[in-house]
Number of protein chains: 2
Amino acid sequence: MGWYGPLVAMKALTSTRGVTIYAVAERAGVSIATVSRALRDPGLVAEATRARVEAAVAELNFMPSRLGRSLAEGRHAANGIVFPDLIGPYYAEVLLGYEEAAADLGRSVLILGTRGRADPTAQVLDLAGRVDGLVVMGQTVADDVVAAIAASGPPVVLLARPPVAGADTVTAENEAAGAELARHLLGHGYRRFAFLGDPAGSPDVAGRYAGIAGALADAGVRPPAPLRCAFDVTAGHEAAVTLLKRRTRPQAVICANDEVALGVQEACADYGLDIPTDLALTGWDDVMTARFVGLTTVRQPMRDLGATAARWLHDRIKERTESAETGPARTKVLPTQLVVRRSCGPHDPD
Amino acid sequence: MGWYGPLVAMKALTSTRGVTIYAVAERAGVSIATVSRALRDPGLVAEATRARVEAAVAELNFMPSRLGRSLAEGRHAANGIVFPDLIGPYYAEVLLGYEEAAADLGRSVLILGTRGRADPTAQVLDLAGRVDGLVVMGQTVADDVVAAIAASGPPVVLLARPPVAGADTVTAENEAAGAELARHLLGHGYRRFAFLGDPAGSPDVAGRYAGIAGALADAGVRPPAPLRCAFDVTAGHEAAVTLLKRRTRPQAVICANDEVALGVQEACADYGLDIPTDLALTGWDDVMTARFVGLTTVRQPMRDLGATAARWLHDRIKERTESAETGPARTKVLPTQLVVRRSCGPHDPD
DNA sequence: GTGAAAGCGCTAACAC
DNA sequence: GTGTTAGCGCTTTCAC
């Protein structure tokens, strides 16, 4: 904005803290209204006046207060995003896509991780009061909270979470990809499966499991009950230990995400089991490690998820600003892609 | 705060948008001052009055405006953080540590990625105007901008970046760990080294290179000139291709971070070179993939970096609020740890 | 082209 | 214990 001229200049006069528009006006010998105009639309002010204002701004090192401005304008020029956690590459990538797109649209980004806190409601509501629009990911707050915000707070876009009335929703394809993955494994000849992950813990996982179970059932194979575990390497490792102790061992282990699969891989190493010879293994997300260890997985467009959410939010905010009609809630499902590597078994080199 | 009772309630009366403290006061039959008191220090208000206020708050679904509150209080209750990028696990982990600690201290977090934009100054200054304290990481903005903010804006804590007058600094140990790494490799018997990464592009890398070069020189080995490359897998891959074309091949390749090393590993696979037989390889950071591919590296306390910065910032903010004396700038170097795995060569099983 | 003044929604003296 | 009122720093009619 204004004060990037004599950067290493003054800090005297008004004791530096809080150089207000009044000080600038006084120094320039004009009214605060003129200063405001000169700053936000120089065309409205006479050449000479503007020069004086600019000089005063530079000399006083003036930076308009965002708070004052926002209060007067009735907007924050900021967006928020709520995510369950930041552990693992998935959320970081989504966040990256979101921040990038939001910044391009000239908006600051506020983040809030709920990391399984008992009741993040208060924090989410607080966040809602700081932004012009809010993205809510996965299992972070209850539907009624989302609905309440969407109804009487800023617009909300849901990410990787089932739709709620009044909010747009962006997700990645889960069910069809799950089915495709299952069919691929069936093609390898496997008939005994295990599923590691908690469908109840995440809408995404629920979708993946549904697709997998459906495809297996269609092939006359009884879908495995999910072996519930958290979303990280340690949980996967532990779940695998449980699994490997059972009397009949599965031929293929399908995991809710890549990190769980990596935990399984660790456990197999401990037990002297070779992947894929002794056990086929698949993950989900296609994080960097998956590529380096040859893990078969399903790639999600993580950055795109974030970027799409940012753009949709922007639409809604504009809609409101221009007091246009509020369009109906939108839904978008971004495509995912099966990535076959060596962990699911041998393939003909073609 | 107030309005989490009848969540799915009203949205009428004041057209839902902007239920102010005046509306609550009117409905409760009291003054706005009383409403304010009832909300922020119930003890100051008579039992019966408070009940009426609370009822009004609930019925109107009132949520105090952050903007109004912040303007009156003269604080944002928010912290900011500026980072070069969010690609790769490193920054995400630091951010995680920061957000977590900040949230525990009751502060919201604003993020800003500069991702190599030409001049992020304006954005950083804008951010500075939205927060009570700011963390600035690595190579994002010039020193004079940092100094200007620290002098006449909110307190600043520097992260993974050389000290600037007026700001605290938190970094991870680089030089000593670099030396230790180099000595370890010398212990393997290697004498021909390569260094992949750009010391000029990051203070961290500069420190690592300095430590490595020093230790090599001490051992009578001429330090390699850095083969400059960016901080990601692709860059590492490309740099490795250049390197492997040279007439004399190094015995050990030391990389500025893990992702560069992973790129080298890829390139070696393409060239049919085995690690560590044909080439020893090391990274830096100890990201998840490093563990799974057996990469020797140096572990950084990434979350701790973020958490420490958050706490220091909190100290400074409190200092200012309580108009206490401003203590002298602090500096902290968090310890790092050499993690030896198979990529640097065979070790005696002990 | 410029100034005066009315807010934006809240907090905190200061009275009563 | 409660009400009045003066800001907090800016934007934006409405006059001149």
Side-chain angles (χ1 to χ4, degrees), chain A residues 1-3 14 16-53 56-57 60-77 126 128-130 132 152-153 321, chain B residues 1-3 14-53 56-57 60-77 126 128-130 132 153 321:
Chain A
M1 288 316 328
W3 72 296
T14 357
T16 247
R17 196 108 188 95
V19 180
T20 74
I21 199 172
Y22 287 94
V24 177
E26 188 180 336
R27 199 167 201 332
V30 298
S31 75
I32 59 166
T34 298
V35 175
S36 180
R37 289 188 197 106
L39 259 43
R40 71 186 14 276
D41 186 352
L44 294 176
V45 168
E47 175 61 37
T49 317
R50 188 197 342 167
R52 295 223 310 290
V53 171
V57 163
L60 295 176
N61 209 10
F62 171 69
M63 178 102 189
S65 148
R66 249 251 95 68
L67 249 25
R69 175 170 284 186
S70 287
L71 187 60
E73 286 180 334
R75 64 185 214 112
H76 301 267
D126 176 81
R130 298 171 170 271
D132 303 318
S152 60
T321 306
Chain B
M1 299 303 337
W3 71 295
T14 358
S15 87
T16 246
R17 197 105 187 99
V19 180
T20 75
I21 200 173
Y22 288 92
V24 177
E26 187 181 337
R27 199 165 199 332
V30 298
S31 75
I32 59 165
T34 299
V35 175
S36 181
R37 288 188 199 106
L39 258 44
R40 72 187 11 274
D41 186 353
L44 295 175
V45 167
E47 173 61 37
T49 317
R50 188 194 345 165
R52 294 223 311 287
V53 171
V57 162
L60 295 176
N61 210 10
F62 171 70
M63 180 101 188
S65 150
R66 257 255 139 252
L67 251 23
R69 174 170 286 185
S70 287
L71 187 60
E73 287 179 333
R75 65 187 214 111
H76 302 267
D126 176 81
R130 297 172 170 271
D132 303 319
T321 307

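Numbers restart at 1 for each chain; the letters A, B, ... are given by sequence-line order, proteins then strands.
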Enquirer: Between B:Arg69 and C:dT11, is there a side-chain N or O to OP1/OP2 distance below 4.0 Å?
Expert: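 Yes, within the criterion.
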Enquirer: For the CZ atom of B:Arg52 and the CZ atom of B:Arg27, what is their distance to the nearest 0.5 Å?
Expert: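 One finds 12.0 Å between CZ of B:Arg52 and CZ of B:Arg27.
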Enquirer: With rounding to the nearest 0.5 Å, note down the distance linking CG in A:Leu71 to OG in A:Ser65.
Expert: 9.0 Å
Enquirer: With a cut-off of less than 4.0 Å, is there a side-chain N or O of B:Ser31 near OP1 or OP2 of D:dG3?
Expert: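 True: B:Ser31 side-chain N/O within range (under 4.0 Å) of D:dG3 OP1/OP2.
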Enquirer: If I take atom CD1 from residue A:Ile21 and atom CG from residue A:Leu60, how far apart are they, to the nearest 0.5 angstrom?
Expert: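 With rounding to 0.5 Å, CD1 (A:Ile21) is 12.0 Å from CG (A:Leu60).
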Enquirer: Under 4.0 Å: is that the gap between some side-chain N or O of B:Arg37 and OP1 or OP2 of D:dG1?
Expert: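 Checking D:dG1 against B:Arg37, no side-chain N or O comes under 4.0 Å of OP1 or OP2.
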Enquirer: Can you pull out every salt bridge (Lys or Arg N to Asp or Glu O under 4.0 Å) where at least one residue sits in residues 34-51 of chain A? Sequence neighbours excluded, please.
Expert: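 Every salt bridge (Lys or Arg N to Asp or Glu O under 4.0 Å) pair that includes a residue of residues 34-51 of chain A, provided the two are not neighbours, is A:Arg40-A:Glu73, A:Glu47-A:Arg50.
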Enquirer: Given atom NE2 of B:His76 and atom C1' of D:dC8, what is their separation to the nearest angstrom?
Expert: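 For the pair B:His76 NE2 and D:dC8 C1', the rounded distance is 12 Å.
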Enquirer: Could you check how far CG of A:Leu67 sits from P of C:dC8, rounded to whole Å?
Expert: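 Computing the A:Leu67:CG to C:dC8:P distance gives 17 Å.
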Enquirer: Select from A:Glu73 and A:Val30 the residue whose nearest nucleotide in DNA chain C is closer to the 5' end of that strand.
Expert: A:Val30
Enquirer: When the distance from CZ of A:Arg52 to P of C:dT2 is rounded to whole Å, what number comes out?
Expert: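 Value for this atom pair: 8 Å.
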Enquirer: Rounded to the nearest angstrom, tell me the gap between atom OH in A:Tyr22 and atom P in D:dT11.
Expert: 11 Å
Enquirer: Could you please spell out the steps behind the side-chain contact (heavy atoms from CB on, under 4.5 Å) verdict for B:Val45 and B:Val53?
Expert: CA-CA 10 Å; B:Val45 167; B:Val53 171; 5.7 Å; no
Enquirer: By the 4.0 Å heavy-atom rule, please label B:Ala46 as base, sugar-phosphate, or nothing.
Expert: sugar-phosphate
Enquirer: Can you check the B:Glu26 CD to C:dG9 P distance for me, whole Å?
Expert: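 My rounded result for the distance is 15 Å.
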Enquirer: Please compare B:Gly68 and B:Ala33 by the position of their nearest nucleotide in DNA chain D and report the one closer to 5'.
Expert: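 This one resolves to B:Ala33.
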Enquirer: Indicate, with a heavy-atom threshold strictly under 4.0 Å, whether B:Thr49 touches base, sugar-phosphate, or nothing.
Expert: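 Here B:Thr49 touches the backbone only, sparing every base.
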Enquirer: Specify the separation, in whole Å, of atom CD1 of A:Ile32 and atom P of C:dG7.
Expert: 15 Å
Enquirer: How many Å lie between CG on B:Leu39 and C1' on C:dA12, as a whole number?
Expert: 15 Å
Enquirer: Heavy atoms only: give me the nearest A:Tyr22-A:Ile32 pair and the separation to one decimal.
Expert: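 Taking every non-hydrogen atom into account, CD2-CG2, 3.5 Å.
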Enquirer: For B:Leu71 and C:dC10, give me the distance from atom CG to atom P, rounded to whole Å.
Expert: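 Rounding to the nearest Å, CG of B:Leu71 and P of C:dC10 are 12 Å apart.
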Enquirer: Heavy atoms only, 4.0 Å cut-off, all strands: where does B:Arg66 land among base, sugar-phosphate and nothing?
Expert: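 No contact.
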Enquirer: Report the end-to-end axis angle of the helix from C:dG1-D:dC16 to C:dC16-D:dG1; each axis comes from five terminal pairs, and the value is rounded to 10°.
Expert: 40°
Enquirer: Check B:Ala77 against B:Arg66 and note the closest heavy-atom contact, atom names and distance.
Expert: CB-NH2, 4.1 Å
Enquirer: If you compare every side-chain N and O of B:Ser36 against the phosphate oxygens of C:dT11 (OP1, OP2), does one of them come in below 4.0 Å?
Expert: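 Affirmative; the distance criterion is met.
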